[in-house]
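Here's the structure, in C-alpha cells; my notes come after.
A, B, ... follow the sequence lines: proteins, then strands. Residue 1 opens every chain. Side chains included, hydrogens not; waters and symmetry mates left out as well; all remaining heavy atoms used.
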Amino acid sequence: MTPVLPAGIGSLTFSLDETGTPFLILFAFLWTISGLYAFATTPAGERARLFAYFVPSALGGVTVALAGDAISFYLCFALMAIPAWGLITHVGTPEARRAGAIYLTLTAIGEAALLAALVIMAVEADSLALPVLAEAIGTSPLRDIAVALLLASIGLKIGTLPASGFLPLSYTYTPAGAASALAGASAKVGALAMLRLLPAGVMPEEWAYVVMALGMATAFLAAILGTLTTTPRAVLGYSSASQMGLILVAAGVSLTSVEAAPLAYGAIVAFSLHHGLAKSALVLGDDVVSRLTGSARTAALAALALPVLALVGAPLTSGFVAKYALKDAVHALHGTVPEAVYALLPWTAIGTAALMLRFFALTRERTAETRVSSPRIPIALWSLVLAAVALVVWIWPAQWNVHAIESALSPSSMWTALWPGLIAIAGWMALRYAPRSAQRLTGIVPPGDVLLGLAAAVTAADRWLAGRSRSRGVTARDERADIGHSLRAAERSAVAWTAASTLFVLLVLLLVALGTR
Amino acid sequence: MNVLAQSPGLLVAVPLAGAAISFVAGRRRAPHVAITTALVVLTLAVALAVHVLDGGPFRYQVGGWGAPLGIDLVADGAAALFLVLTAIVGLVVTLYATAYFRTDDETAYGHGLFWTLWLFMWTSLNALFLTGDVFNVYVCLELVGISAVTLVTIGGGAEALRAGARYLFASMLGAMTYLLGVALLYAATGQLDMDVLRTTLVADTTAATGLALMIAALVLKTALVPAHFWLPAAHGSAPSPVSAVLSSLVVKGSYFVILRLMLDVMPAGYLPGVDIVLGVLGSAAIVWGSVQALLQTRIKQLVAYSTVAQIGYLFLVFPLARHGADVLTLALTGVLVHALSHGLAKGSLFLGAGSLMTRFGHDRIADMAGAARSAPALTFGVALAGVTMMGLPPSGGFGAKWLLVSAALASGEWWWAVVLVIGGLLAAAYMFRLLSVLLVDAPTELHASKGDIRTEWLPLALALGAVLLVLAIPLVSDLAAASNVLIHAGVTP
Amino acid sequence: MSTYLVYTAGGVLLYALGTYGLLARPHLIHKVISANFMGSGVFLILIGLGNRSPESGPDPVPQAMVLTGIVVTVALTALGLAIVKRYYTATGLDNLDDKPSAGGDR
Amino acid sequence: MTAWLPMLVPAIAGIATFALGKSRGRARNVVNLAAAAISIALVARLVVHAYNGTVISSTIPMLPGLGLGMSADLLGLLFATVATVLWGVTLVYAIGYMDHATDRARFFGFFALCIAAANGVALADDPLSLFIFYEILSLTTYPLVVHTGTPEALAAGRKYLFYALGGGAALLVGVAWLAVIAGQTPFTPGGALAAVSDRTAELRVIFALLVAGFGVKAALMPLHGWLPGAMVAPAPVSSLLHAVAVVKAGVFGIIRLVNELYGPELATSLGVATPLAILAAVSIIIASVIALRQDDFKRRLAYSTIAQLSYITLGTALCSPLAAAGALAHLAHHAVMKITMFFTAGSVYETLHVKKVSQMPGLARRMPLTMASFAVAAFALAGIPPLVGFASKWMLGVGSAQSGSVWALIVYVSSGALALGYMVPILTSALREGDHTPARGAESDPRMLWPIVTVGVLTVVLGLTAGLPGSPVHWAMTAIAPSFGGWTP
C-alpha cells in the first residue's frame with residue numbers, strides 16, 4: 001500500500017523533537033495547572049460534565065506537541081479543539097451557547113482547511129511524516145493552495161482578522177480554569193502548526209508581505225476592539241488576538257526567507273512560551289481576584305502586575321525577550337513592507353498597554369463573588385503560574401535570550417520598552433477627563449464583534465427560508481385539487497352517450513379517410 | 001396426437017355443451033357442471049398450445065365442410081396463448097363464482113342464469129380466438145356481446161341496467177359498423193377467409209374502407225380511448241366475477257382480431273397512418289385512463305379505468321411493427337405477455353375488489369382501511385396484482401414493459417418508451433392510492449366473518465400467476481414465434 | 001349492375017339514418033329501432049352483392065351472411081328491449097341522460 | 001447456485017415468516033436469526049473464494065437474449081457482507097425494539113425480503129439483474145416505511161414510492177436501451193461497453209438515465225426528497241434500510257455503473273463523470289447545511305446520510321483509483337457508523353420518547369453506553385482519526401488530490417466540518433443536565449443496547465485495523481484495482 005494510506009492505529013507516530021519540546025512543556029504545564037484549577041473551583045455536581053470535555057481536550061492539547069505525522073497531528077488538533085466547545089458552553093446561558101456555536105463553526109472550518117492541506121501535502125510528498133510534508137510542498141504545483149489552506153486554518157486558530165472575535169468568544173463564558181487552558185495553550189497550537197507545516201523560505205515575497213500586513217493589522221485592530229469591549233475576559237481575548245497577530249508576522253517572515261526563518265521560528269517559540277504563561281496567569285488572576293476581599297484582594301491585584309508587565313514587554317520579562325526576537329526576525333528581511341512593519345512593531349505595545357490598563361481597571365471594578373470553596377488552592381495554583389511567568393525567561397534555551405537580556409539593560413531598550421506604556425497611561429488619564437460621549441465608547445464592542453453579526457445574519461436567512469417553503473406547500477395543494485376537479489369533469493362529458501358515440505363516428509371517418517388516401 | 005388435433009373443435013364444443021347442461025341441470029348442480037367444464041377446457045387449451053408448439057399453426061375444419069360455406073378454425077401460437085389465458089382465468093372465476101353467487105341466495109335475480117351465460121360467453125370467446133373468417137368474427141363478437149351485456153345486468157340494479165343499456169348500444173354500434181365493413185370488404189374481394197385475404201388483398205378503396213370500418217368497430221369493442229365510454233360503467237357495475245371476465249378476457253377478444261387484421265391479413269402499409277393513429281390513441285388511453293383511475297373514489301371504477309389504461313399498451317405494437325422483423329418480434333411478444341399478465345392481474349383485481357366490497361359492505365376506497373389486518377392474503381393479492389400493473393419486476397407486467405420499451409428503443413421511436421414509462425408510474429400512483437388505504441391500521445374486523453377462503457385466496461392465486469409469468473416468458477416467446485403474424489412476416493422459418 | 005347500385009344506395013341511406021337515430025335520439029326504444037335500421041342497411045347492401053354478376057348465378061355467401069345477421073340482430077333487439085323495459089321499471093326513465101321520462105305520449 | 005444463496009436464504013426466511021403468522025413469535029425469531037447466521041456463513045465462504053480468485057457465478061434465462069445472473073465478486077460481496085452482517089445485528093435490535101409493536105410478522109417478513117433484494121443487488125451480474133433486484137427492494141421497503149400506518153407514515157410512503165418508482169422508470173429505460181444496443185453486458189472491471197463505445201450520444205443519455213435511477217436511492221440531490229420523510233419508519237427500518245441496504249443499493253449501483261459498466265476510462269472520455277461529481281459535491285454541501293437546521297434527531301441523521309452517500313458518489317465519479325476505493329470502503333464504513341446512530345435514535349425514542357435533539361439533556365447520564373457509542377460514531381462520521389470514518393475520508397481526499405481535483409478535496413473537508421456542526425450539538429445536548437437525569441444509568445432493553453455497543457465498538461475496531469488485510473479499506477482496494485487496470489495500491 002502506498003505510504004499515504006492511513007493504516008489505522010499503525011500509522012499514528014509520536015515522537016519528541018527539538019521543536020516539540022518547549023511546546024510539550026508549555027502545554028503539559030498549562031493543561032495540568034488549569035485542570036487542577038478547574039477541578040478545585042467547579043462545584044462537585046458539575047465536574048463530571050466539565051471534565052467530559054476537558055480531559056479529551058487536554059489529551060489532544062498536550063500530545064499535539066508529540067505528533068510526528070499528518071494524521072496524528074490532525075487527530076490531536078481536532079481532539080483538543082472540538083471538545084473545547086463543551087467548555088465554552090458549560091454555563092449554558094444563551095450567550096455562551098451562541099459563543100459555542102460560533103466557536104464550533106470556525107473550529108470546524110479550520111479543521112477542514114487543515115485536513116485539506118494535509119491531504120494535499122501528503123499526496124505531494126507521498127509520505128505522512130511531518131518534516132517531509134513541509135519540505136515537499138515547497139516545490140509542488142499545489143504549493144499555493146496548500147499554504148493558503150494552512151494559513152486559513154492557523155489564522156482561525158489564532159484569531160486573525162477578520163476572525164478576531166474568535167478568541168474573546170472562546171474565553172468570555174468559559175469557566176476560569178478551562179479558560180486559562182484555552183487562553184494559554186489552545187491558540188499556541190496554531191503557532192506549533194506554523195513551525196511544523198509551513199514551508200520555510202519558498203513563498204514569493206508578496207505572500208510574506210500580505211501575511212505580515214495581516215498580522216500587524218490584527219495586532220492593532222484587536223487592541224482597539226479590546227479596549228472598547230466589556231469584560232476582563234473579553235479584553236484578554238482581544239489581547240491574545242493582538243499578540244497572535246505578532247506571531248503571524250513572524251510566520252510571514254519564515255515563509256519567504258530561508259535565512260530569516262530560524263530567527264522567525266525562535267520568535268514564534270518565544271512568543272508562544274511567553275504569551276501562553278502570561279495569559280494563563282492573567283485569566284487565573286482575574287478569577288482569584290474575584291474570590292478575594294480586602295487586603296488579599298489588593299495583594300492579588302498587585303501580583304497581577306507581573307503578567308501585565310510581561311505582556312507589555314517590560315525589560316527583563318519574557319515579553320521583552322519575545323519582542324526582541326521578533327524584531328530581529330523582521331529586521332532580517334529587506335524591502336518596504338518589512339521595514340514598515342519593523343518601524344510599526346514598537347507601536348503595537350501601546351495597544352497592549354492600553355488593553356492591560358483596561359483589563360486592570362475592569363478586574364478591579366469587579367465585585368467579589370461569594371464562593372463556597374476556599375480560594376487557597378486556586379491561589380496556590382495561580383502562584384505557580386506566576387512563578388513560571390517570572391522564571392521562564394531565565395530558563396529557556398540560552399541562544400534565544402542571551403542577546404535580549406544583555407540589551408535589555410541598555411537605556412535605549414529600556415526606553416523602547418517604556419514609552420508605549422507611558423503613552424497608554426497618558427491616554428488613559430486623558431480619557432478620564434474626556435467628554436462623556438467619548439467615555440461611553442468603552443463597552444460598545446461585544447466579545448465576538450463581526451462574528452456575532454454574521455451569526456445573526458445566518459439565523460435570519462434560515463428563518464426566512466423556512467417560512468418560504470411552508471407557504472409554498474399550501475398553494476400546491478389547492479392547485480392539485482383544482483386540476484383533479486377539471487379532469488373529472490372532462491371525463492364526464494367524454495363518456496356522455498351522444499358526445500361519445502359522435503366521437504366514435506369521427507374516429508371511423510378518420511380511419512376510413514386515412515385508409516383510402 | 002389425433003386428440004390434440006381435434007382440440008380447436010372441442011374448445012368450442014365443450015363449453016357450449018357445458019352451457020346447455022348447466023341450464024337444464026338446475027341452480028344447485030350448475031356450479032359443478034361449470035367447474036368440470038372449466039377443467040376440461042383448461043386441459044384442452046393446454047393441449048392445443050402443446051400441439052402448436054410441436055407442429056406450428058394448423059387449421060381445423062368444423063364438420064369437414066371447409067371454407068367458404070363451412071367454418072374453419074385456425075390455431076396458432078397467439079391464439080393458443082389467449083385460449084390458455086381464458087381457460088386459467090375462467091377456471092379461477094368459476095371457482096370464485098361458486099362462493100360469490102351463493103346457491104342459497106334465493107333473492108338474487110338471475111343468479112341462476114350466471115353459469116349458463118358465462119359458459120356460453122366462454123364458448124363464444126374461444127370461437128372468436130380460433131375463427132379464421134372475418135364474418136364469423138362478427139358472429140362471435142355478437143355472441144360475446146349478448147352474453148356480456150346480459151351478465152352485466154344480471155345483478156339487476158338500476159346502475160347495472162343503465163350500464164348494460166349503454167354497453168348494449170355501444171355493442172350494436174360496433175356490430176353494425178363491423179358488418180358494414182365486412183360487406184364492403186366482400187364487395188371488393190369476394191373473400192372472407194383471413195388466410196386467403198392475406199394473399200389476395202390488393203390496393204382498393206372499397207376494401208380499404210371496409211377494413212378501416214372493421215378496425216374502427218373493433219376499437220370500439222376493445223374500448224380504446226376515446227371509444228372507452230361504455231367500459232367503466234359496465235365493468236364497474238357488473239357482479240365482480242363478471243367484471244373480471246369482461247376486463248381480463250372479453251376486450252382481448254376484439255383486440256386479437258385487430259392484431260390479426262393489422263399485422264397478418266393486411267400487407268404492410270395497407271391502411272397508411274392507421275397504425276400510427278392506433279399507437280397515439282393507445283398512448284392517450286394509457287395516460288387518460290390512468291389519470292381517471294387516480295381520480296376515482298370507488299374501487300371497481302378505479303379498476304375499470306385501469307383497464308382503459310392497460311388496453312392502451314396493447315396498441316403500441318402497431319406503430320412499432322413497421323420497423324423490421326426484430327422490432328416486430330419484440331413488440332409482438334411484448335403485447336402478448338402484456339395481454340397475459342394484464343388478464344391475470346386484472347382478474348385478480350376485480351375478484352379482490354369483489355371480496356373487499358363483500359367484506360366492507362360498500363365500495364368506497366376511502367373507507368376500506370384495515371383490510372390488511374383482517375384479510376392479509378387478499379390485500380397481498382391486490383398488492384401483487386398492482387406490481388404487475390405497474391410493470392415492476394419481477395412480474396409478467398415487467399416482462400411486457402421491458403419488451404415493449406426495448407422494441408421502442410430499437411425502433412428509434414423512443415417516445416413510445418416514454419409513454420410506457422409514464423403509464424407505469426401512473427399505474428403505481430393509482431394502485432398505491434388504493435393500497436395505502438388498505439394498509440392503514442383501523443380497528444375494523446366487522447365483516448371478517450363474511451370472508452370465504454375462496455374469495456380471499458383465489459385473487460391471490462391469479463396475482464401470483466401474473467407475477468410468476470415472468471419466468472414463463474421464454475415459453476410465451478416460443479408461442480409468439482409460432483404465431484401466424486411472425487411466421488408470415490418471415491421471422492419464424 | 002344498376003340494381004346493385006340502387007341496393008347499395010338504399011342501404012347506405014338506411015345505415016346513415018340509423019346511425020343518426022342511435023347517436024342522437026334520447027329515447028331508448030328509438031335507439032333499439034335505429035340500430036335495426038343500420039342492420040337493415042347493411043343487409044340491403046349484402047343482398048345487392050349476391051346479384052352483382054348475374055351471369056355466374058347468385059352468390060350464396062352474402063345470403064348466408066344476411067340470414068345469420070338477421071338472427072343476430074333479432075337476438076340483440078330482443079335483449080335490448082328486455083333491458084330497456086327493466087331499466088324503465090327500475091328507474092322510471094326512458095333515456096340515459098337522466099332527463100325526466102316523456103311517459104306514454106310517444 | 002451458490003451465488004444465489006445469499007439472496008435466497010433471506011427470501012425464504014421472509015416467506016417463512018409470513019407463513020408462521022402473527023402468533024408464533026419465538027419461532028419467527030429463531031427462523032430469522034438462523035437465516036442471518038446462515039447467510040453470513042454463506043457470504044463468508046464466497047468471500048474466501050473470491051479472495052482466492054474464484055468468482056462463482058450463475059445465470060438463468062429470462063427475457064429473450066437476456067438472463068438473470070448472479071456473480072459473487074469481491075465488489076459485490078463487500079456490499080453483501082455489509083448488508084448481511086448488519087442484518088444479523090439489526091435483527092437482535094429489532095426483536096427488542098418491536099417487542100410491543102403490532103404486525104410483527106409483516107415487519108420481519110418484509111425485512112428479510114429487503115435483505116434478500118439488497119443481496120440480489122450486490123451480487124447481480126449485469127444491469128438487468130441489478131435493476132430487477134433494485135425494484136424489488138423498492139417494493140419490499142414500502143410496507144416497512146408505512147408500517148405504523150399513521151397518516152404521516154403513509155404520506156412518507158407515498159413520497160418514497162413516487163421517487164423510487166420514478167427512478168426505477170428511468171433505470172428501466174436506461175437498462176433496456178443498453179440491452180438494445182449492446183445486448184447482455186455482464187459487469188466487467190474497467191468497463192463492459194468497449195464494443196459500442198463509439199455510440200457516444202446514446203451512451204451519454206443512457207448514463208444520465210442510469211444515474212437518475214440509482215440517484216434516487218443514493219439520495220443524490222435533487223432526488224433526495226423521499227429520504228428524510230421515510231424516517232417515520234420504525235428505527236430498525238431506518239437503521240438497516242436507510243443507512244445500509246436501500247441507500248447503499250443506490251450508491252452501489254453507481255459504483256457498478258462507473259467502474260464496471262462504463263469503466264472509468266469511458267466515463268471520463270464521454271464527459272459524464274464530471275457532471276456527476278459536481279452533482280454529488282453540491283449534494284454533500286447542501287445536505288450538510290440542511291442537517292444543521294434539523295432539530296428532529298432522525299431527520300438530522302437522514303440529511304447526514306444524504307451527504308455521506310454523495311461522498312461515495314463523488315469518490316466514484318472522480319474516476320481515480322484511490323478515490324474509487326475510498327468510496328467503496330466508505331460504503332461499508334458509513335453503514336457501520338450510521339447504523340450506530342440510528343440504533344441510538346431508536347433506543348432513545350423507544351425508551352424515553354425522545355425525538356428531538358433539544359429534548360436530549362440528561363441522556364448521557366441516563367444511557368451512558370448508548371450515548372458513548374453514539375459519540376464514537378459521530379466523531380467517526382466527522383472524520384476524526386483513527387476512527388473508521390477517517391480512513392475512508394482520507395482515501396477519498398487523497399484520491400481527489402491525486403486526480404488533480406482539489407475542489408473535491410475541499411468539498412470533503414468542508415463536509416467534515418459541517419458534520420461536526422450537526423453532530424457535536426447532539427452530544428452536548430445529551431451531556432447537559434436535564435429531565436432524564438434522575439434515573440441514572442437506566443439503559444434500554446439489553447437486546448437494543450448490545451447491538452448498539454457492538455456496532456459502536458466496530459467503528460473503533462474497523463478504524464484501528466484499517467491497514468490490515470481483509471479490512472474494508474484493503475478489500476475495497478483489491479476489489480477496485482481491476483477497474484483501473486494495472487493499478488496496485
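- In this structure, the side chains of W177(D) and V405(B) stay at 4.5 Å or more apart for every pair of heavy atoms.
- Of all non-hydrogen atoms in F131(D) and P393(B), the two that sit nearest each other are CE2-CG, 4.0 Å.
- Considering every non-hydrogen atom in both L165(D) and L425(B), the closest pair reads O-CD2, 3.2 Å.
- At a 4.5 Å heavy-atom cutoff, the contact between V470(B) and chain D is made by backbone and side-chain atoms alike.
- Listed here is the closest heavy atom pair of V173(D) and L409(B): O-CD1, 3.6 Å.
- With a 4.5 angstrom heavy-atom cutoff, L139(D) touches chain B only via side-chain atoms.
- With a threshold of 4.5 angstrom between heavy atoms, S436(B) approaches chain D through its backbone and through its side chain.
- One finds the CH2 atom of W402(B) at 4.5 Å from the CG atom of L128(D) (value rounded to the nearest 0.5 Å).
- Only the side chain of L66(D) comes within contact range of chain B, judged by heavy atoms closer than 4.5 Å.
- In this structure, the portions of I132(D) lying under 4.5 Å from any heavy atom of chain B include both its backbone and its side chain.
- With a 4.5 Å cut-off on non-hydrogen atoms, V146(D) touches chain B through its side chain but not through its backbone.
- If you measure heavy-atom distances from L403(B) to chain D, the contacts under 4.5 Å come from the side chain alone.
- Ring geometry for F110(D) against F380(B) counts as perpendicular: the plane angle is over 60°, on a 0 to 90° scale with 30° as the lower cut.
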Practice problem: Give the C-alpha distance, both sets of side-chain angles, the deciding distance and a yes or no for ring pair (Phe, Tyr, Trp, His ring centres under 6.0 Å) between F162(D) and F432(B). | Solution: CA-CA 10 Å; F162(D) 175 78; F432(B) 275 104; over 10 Å; no
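- Residue L471(B): no heavy atom, backbone or side chain, is found under 4.5 Å from chain D.
- Interface residue L154(D): only side-chain heavy atoms are found under 4.5 Å from chain B.
- With a 6.0 Å radius and a threshold of 12 heavy atoms from other residues, nucleotides or ligands, D326(B) has its CG atom at or below the threshold.
- In this structure, CZ in R106(D) is found 9.0 Å from OG1 in T379(B), a value given to the nearest 0.5 Å.
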